[in-house]
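Please read the structure below before turning to the comments.
Quantities reported herein were computed from a predicted structural model and do not represent experimental measurements. Here, residue 1 is the first one in the sequence, and each next residue gets the next number.
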Amino acid sequence: MVSEAGKEFSREQFQTPAGRRRAWRNLILTDHGILRSFYDNTHAVVEGRMWRTYQPGPKRLYRWKQKGIKTVINLRGSKPSGFLRLEEEACEKLGLHLETFRAYSRDAPSIEILHSARALFERIEYPAIMHCKSGADRAGLMSALYLFYQEGTALDEALQQLSLRYGHVRHGKTGVIDYAFQLYLSYANENRIALNDCDAFLDWVDTRYDPVKTKNDFQSTWWGTLLTERILRRE
């Protein structure tokens with residue numbers, strides 16, 4: 001039996017009364033929106049320019065619009081779901097530009113993602129927010145890349161966006177993100193490369209970095225995996 005969360009959800013289905021009820025159930029219950037109403041994992045990456053947050057509902061998007069936000073970056077991809085349909089509708093009504101950029105929390109960042117993130121941050125209109133489900137792992141990855149690519153922040157400093165303060169657990173499977181960047185930091189330090197040199201980083205990505213090997217080499221702890229997979233149920 002396919003769960004409600006796993007079913008395809010077309011725009012036509014969303015426009016029906018039953019479809020809209022299903023979308024709200026998906027956002028509030030299946031997607032743990034009710035828990036996010038008690039835990040606001042929203043933080044300024046750069047005040048007045050970029051914020052990181054969790055999956056926003058329509059009311060939350062309205063408040064972001066009131067703060068002057070122009071672009072919303074959805075890091076969860078385009079798979080049809082109730083929360084996505086509500087987000088698409090709200091952004092259209094509010095005049096917010098919705099960018100869909102698929103990132104992953106349990107894979108070493110792909111070469112494509114590391115290049116595409118730089119292009120994304122160069123083309124969007126600011127101020128902007130970016131979100132995943134809980135605002136912890138994928139939002140942390142992209143916040144670090146934003147600081148590195150757009151603000152000239154040294155990579156080791158930018159990677160503080162991946163920390164327990166934001167709900168990121170590096171000891172679980174989500175720690176593969178940290179492990180991938182640590183490979184570069186070791187390489188850069190050994191070769192005396194400035195840690196704010198984006199071109200040198202992407203050259204390493206293109207010539208030395210192997211995301212598949214990186215994921216295979218990474219070892220999470222049993223308790224970290226229990227926390228991220230069973231308790232927090234990270235996406």
Is there a donor-acceptor pair closer than 3.5 Å between any side-chain N or O of [X] and the backbone N or O of [Y]?
| X | Y | answer |
| --- | --- | --- |
| Asn189 | Leu185 | yes |
| Asn41 | Ser134 | yes |
| Asp107 | Pro109 | no |
| Asn26 | Gly82 | yes |
| Asn74 | Gly77 | yes |
| Ser186 | Leu183 | no |

Side-chain heavy atoms nearer than 4.5 Å, only ILVMFWY residues, links allowed to pass through others: does that put [X] and [Y] together?
| X | Y | result |
| --- | --- | --- |
| Val45 | Phe148 | yes |
| Leu147 | Leu162 | yes |
| Tyr54 | Met130 | no |
| Leu75 | Leu86 | no |
| Val169 | Leu141 | no |

Please enumerate all residues that pass side chain to side chain contact (heavy atoms under 4.5 Å, CB included) together with Arg102, with sequence neighbours excluded.
Tyr104, Arg138
Give a yes or no on this: more than 12 heavy atoms of other residues, nucleotides or ligands lie within 6.0 Å of atom [atom1] of [X].
| X | atom1 | answer |
| --- | --- | --- |
| Glu112 | CD | no |
| Arg208 | CZ | no |
| Glu92 | CD | no |

Go through Arg63 and Lys67 one step at a time and tell me if the side-chain contact (heavy atoms from CB on, under 4.5 Å) criterion holds.
CA-CA 6 Å; Arg63 290 197 289 271; Lys67 290 183 178 181; 5.6 Å; no
Hey, does [Y] have a side-chain heavy atom less than 4.5 Å from the side chain of [X]?
| X | Y | value |
| --- | --- | --- |
| Trp24 | Phe83 | no |
| Arg20 | Glu89 | yes |
| Glu88 | Leu84 | yes |
| Gln161 | His43 | no |

When rounded to the nearest 0.5 angstrom, what is the spacing between [atom1] in [X] and [atom2] in [Y]?
| X | Y | atom1 | atom2 | value |
| --- | --- | --- | --- | --- |
| Lys173 | Asp137 | NZ | CG | 13.5 Å |
| Lys70 | Glu125 | NZ | CD | 4.5 Å |
| Arg52 | Thr42 | CZ | OG1 | 10.0 Å |
| Tyr179 | Lys215 | OH | NZ | 14.0 Å |
| Cys198 | Tyr149 | SG | OH | 7.0 Å |
| Leu155 | Gln182 | CG | CD | 9.0 Å |

Could you tell me which non-hydrogen atom of [X] sits nearest to which non-hydrogen atom of [Y], and how far apart they are?
| X | Y | answer |
| --- | --- | --- |
| Trp204 | Ala180 | CH2-O, 3.9 Å |
| Pro211 | Ala108 | O-CB, 3.6 Å |
| Gly68 | Pro127 | O-CD, 3.6 Å |
| Tyr39 | Gly167 | OH-N, 4.5 Å |
| Phe181 | Leu114 | CZ-CD2, 4.3 Å |
| Ala103 | Ile113 | CA-CD1, 4.2 Å |

Can we call the ring centroids of Tyr184 and Phe201 under 6.0 Å apart?
yes
Verdict with reasoning, His171 to Asp178, per side-chain contact (heavy atoms from CB on, under 4.5 Å):
CA-CA 10 Å; His171 299 285; Asp178 308 77; over 6 Å; no
Examine Arg85 relative to Phe14 and say whether NZ or CZ is less than 6.0 Å from the centre of the six-membered ring and inside a 45° cone about the ring axis.
no
Donor-acceptor side-chain pairing of Tyr146 and Arg49 below 3.5 angstrom:
yes
Tracing side-chain contacts under 4.5 Å among Ile, Leu, Val, Met, Phe, Trp and Tyr outward from Ile129 reaches Trp51, Leu61, Tyr62, Trp64, Ile69, Val72, Leu94, Leu96, Leu98
Steps toward side-chain contact (heavy atoms from CB on, under 4.5 Å) verdict (Glu151, Met50)
CA-CA 11 Å; Glu151 301 294 331; Met50 177 66 81; over 6 Å; no
Going through the checks in order, is the side-chain contact (heavy atoms from CB on, under 4.5 Å) test met by His131 and Arg76?
CA-CA 8 Å; His131 75 82; Arg76 304 181 72 179; 4.3 Å; yes
Any salt bridge between Glu87 and Arg60, counting N to O under 4.0 Å?
no
